[in-house]
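Notes follow the structure.
Remember, predicted model here, so these are calculated numbers, not experimental data.
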Amino acid sequence: EGGKAFTFRGTGGYGAKDGFLFALNLIPTVMFALAIVAVVEYLGALDAARQLLTPLLRPLLGIPGSTGLALIASLQSTDAGAGMTKLLYDENEITNEERSIFAAFQFTAGGTITNYFATGAALFALTAADGSMAVTVPLIVPFVVIMIFKVFGANLMRFYLKAASKKQ
């Protein structure tokens, strides 16, 4: 066609078709994450996570270690993390306050690993104002910043809940 480049995502502008095909590219990553979570959960990872992760997650976020698997799932898929959090709450594994704290953690940059690495959003370069010099940012730096603010957001909710309960 006269030298026009065609890719899987189409040619020209952006629209519903482009958005659909972009989402279609995410399906294999999300399916793999959900499959791993299902297998690990079946093998009794919730009990192991409770014992291993409580000493880390309780002081860091104020949530029990039984949320560890849901935490990992939420880093892969917002839907899997939300579903597992609901299940933990329904089975009385976490309290309403712990659910709120954990939701704040999940809400900040939901599906972090999938969205950050699978979509290639982290592959960027900063260019000087005159365009003469490109300064590349190491891939891990923005990811660490995102993770720090996920913990910060959860602790902000934690402190809010503590302050609200003191008022009552």
Side-chain angles (χ1 to χ4, degrees), residues 19 22-126 135-168:
F22 174 75
L24 190 63
N25 286 333
L26 293 176
I27 289 175
T29 309
V30 173
M31 285 178 60
F32 180 71
L34 292 173
I36 293 295
V37 167
V39 169
V40 171
E41 187 177 21
Y42 175 77
L43 295 173
L46 195 58
D47 294 329
R50 183 181 302 112
Q51 291 178 351
L52 294 173
L53 294 176
T54 295
L56 176 68
L57 293 178
R58 186 63 74 186
L60 188 64
L61 297 171
I63 57 177
S66 58
T67 60
L69 190 58
L71 188 143
I72 293 166
S74 76
L75 293 175
Q76 293 290 325
S77 165
T78 54
D79 297 335
M84 291 184 76
T85 303
K86 181 187 181 312
L87 184 66
L88 287 169
Y89 180 73
D90 290 345
E91 293 178 355
N92 295 320
E93 291 282 338
I94 58 174
T95 66
N96 190 40
E97 290 80 19
E98 291 168 341
R99 179 178 63 168
S100 297
I101 294 166
F102 194 34
F105 176 85
Q106 292 178 9
F107 184 72
T108 311
T112 307
I113 293 173
T114 301
N115 291 326
Y116 190 79
F117 291 109
T119 64
L123 302 175
F124 61 88
L126 298 175
V135 180
T136 58
V137 177
L139 189 65
I140 195 71
V141 172
F143 185 74
V144 169
V145 169
I146 290 169
M147 294 307 290
I148 288 170
F149 277 99
K150 285 176 78 65
V151 172
F152 176 76
N155 279 295
L156 198 60
M157 176 61 78
R158 185 178 177 188
F159 294 130
Y160 170 77
L161 292 172
K162 188 176 274 191
S165 69
K166 283 184 182 179
K167 265 188 174 180
Q168 293 176 355

Checklist entry - side-chain contact (heavy atoms from CB on, under 4.5 Å) between Arg99 and Thr85: does it pass, once the steps are laid out? => result CA-CA 7 Å; Arg99 179 178 63 168; Thr85 303; 4.0 Å; yes
Checklist entry - At what distance, to the nearest 0.5 angstrom, does CG of Leu61 lie from OG1 of Thr67? => result 7.5 Å
Checklist entry - Which pair of heavy atoms, one from Ala154 and one from Ala104, lies closest together, and at what distance? => result CA-CB, 4.0 Å
Tabulate below the donor-acceptor pairs under 3.5 Å that side-chain atoms of residues 141-148 make, not counting sequence neighbours, or state none.
none

Checklist entry - Looking at residues at least two apart in the chain, or sitting in another chain, which of them share a side-chain contact (heavy atoms from CB on, under 4.5 Å) with Phe152? => result Phe149, Leu156
Checklist entry - How far apart are the closest heavy atoms of Thr54 and Gly65, and which atoms are they? => result OG1-N, 2.8 Å
Item to check | Any pair counted as salt bridge (Lys or Arg N to Asp or Glu O under 4.0 Å), so long as it reaches residues 53-77, sequence neighbours left out | outcome: Arg58-Glu98
Checklist entry - If you look at every heavy atom in Gly81 and Gln106, which pair is closest and at what distance? => result O-NE2, 3.6 Å
Checklist entry - Once you round to the nearest 0.5 Å, how far does NZ of Lys150 lie from OG of Ser74? => result 5.5 Å
Checklist entry - How would you list all residue pairs meeting side-chain hydrogen bond (donor to acceptor under 3.5 Å, both in side chains) that involve residues 156-168, not counting sequence neighbours? => result Asn155-Arg158
Checklist entry - Mind checking what makes salt bridge (Lys or Arg N to Asp or Glu O under 4.0 Å) contact with Lys86, not counting sequence neighbours? => result Asp90
Checklist entry - What's the spacing between Leu53 CG and Ile72 CD1 if we round to 0.5 Å? => result 7.0 Å
Checklist outcome for this item: When rounded to the nearest 0.5 Å, the distance separating CG of Leu75 from CZ of Phe105 is 5.0 Å
Checklist entry - Shortest non-hydrogen contact from Ile101 to Gly62? => result CD1-O, 4.4 Å
Item to check | Distance-minimising heavy-atom pair for Ser100 and Leu161 | outcome: CB-CD1, 3.9 Å
Checklist entry - Mind checking what makes side-chain hydrogen bond (donor to acceptor under 3.5 Å, both in side chains) contact with Asn92, not counting sequence neighbours? => result none
